[in-house]
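Below: one structure, written as structure tokens.
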Amino acid sequence: MSTSKNNLNQMALANMAFSHSPYSNKKIGASVLLSNGKSYSGCNIENASYGGTVCAERVAIWKAYSENLSEVKIQEVVVASNEASPWPPCGFCRQVMAEFCTPETTVRLINPAGLEIVFIFKNLFPEAFKPEHLNK
Ligand code: ZN
């Protein structure tokens, strides 16, 4: 358990280095662990149009769901930022997470100094708009 957690944290921290963030200069990394045991990572990829920018969390999630069926759920999400108070997922990312996370999915916000803030998804986004609202 702790090895998996450490690995997932390391994946998120390592992906900060790949960040394309010439506009914000904020390098963010993320990783996700799926219920089938597979894990994926991503970084923020900014765009000169600004609107084309994608957060690290969504890059990791889209990588995961381009190779896995949506029946597989996200068990853990890690977001790494070089901030004294590690950044949480933005509203867009929380909405995307609501599609694939369970209420009990663990969300860890970490920084390279070793700080870790842990949420469960239902507390991070308690009134999410979910597929059930569309009877899906
Ligand atoms: Zn985001």
Side-chain angles (χ1 to χ4, degrees):
M1 177 97 177
S2 62
T3 301
S4 171
K5 176 183 160 186
N6 287 340
N7 286 347
L8 211 61
N9 285 6
Q10 284 305 316
M11 287 172 67
L13 290 166
N15 263 261
M16 292 170 68
F18 297 111
S19 166
H20 175 71
S21 46
Y23 312 107
S24 73
N25 293 311
K26 297 292 186 182
K27 296 184 179 301
I28 313 297
S31 56
V32 296
L33 175 66
L34 305 183
S35 55
N36 63 7
K38 295 181 181 176
S39 55
Y40 297 84
S41 56
C43 61
N44 57 326
I45 303 174
E46 295 182 352
N47 186 272
S49 72
Y50 285 53
T53 294
V54 183
C55 301
E57 299 93 310
R58 278 178 285 156
V59 170
I61 290 167
W62 288 334
K63 283 171 68 177
Y65 286 94
S66 65
E67 297 182 16
N68 291 276
L69 298 175
S70 56
E71 287 75 15
V72 176
K73 294 300 177 189
I74 297 174
Q75 287 188 325
E76 297 181 44
V77 178
V78 178
V79 185
S81 59
N82 193 17
E83 304 293 328
S85 180
W87 283 3
C90 75
F92 286 120
C93 289
R94 291 181 201 205
Q95 185 60 52
V96 170
M97 289 163 68
E99 193 82 13
F100 302 111
C101 290
T102 74
E104 305 304 322
T105 294
T106 300
V107 181
R108 291 197 299 278
L109 315 178
I110 66 173
N111 69 15
L115 183 63
E116 182 175 293
I117 302 170
V118 182
F119 293 91
I120 57 173
F121 185 66
K122 68 183 176 188
N123 292 339
L124 194 63
F125 197 23
E127 298 299 331
F129 187 79
K130 295 179 180 171
E132 296 84 67
H133 290 108
L134 302 173
N135 296 318
K136 297 290 180 187

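Whatever order the structure lists ligands and atoms in, that order sets their numbers, starting from 1.
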Would you mind reporting whether N111 and W87 have side-chain heavy atoms less than 4.5 Å apart? no
Parallel, tilted or perpendicular: rings of Y65 and F100 (30°, 60°): parallel
Anything under 30° is parallel, anything over 60° is perpendicular, the rest tilted; go ahead and classify F129 against H133. parallel
When you check the gap from the basic side-chain N to the acidic O, do E76 and K5 get nearer than 4.0 Å? no
Is a donor on one side and an acceptor on the other found under 3.5 Å between the side chain of S35 and the backbone of K73? yes
Does the N68 side chain pair with the main chain of A64, one donor and one acceptor, at a distance under 3.5 Å? yes
Protein N, O or S atoms at less than 2.8 Å from the Zn ion (ligand 1), how many? 3
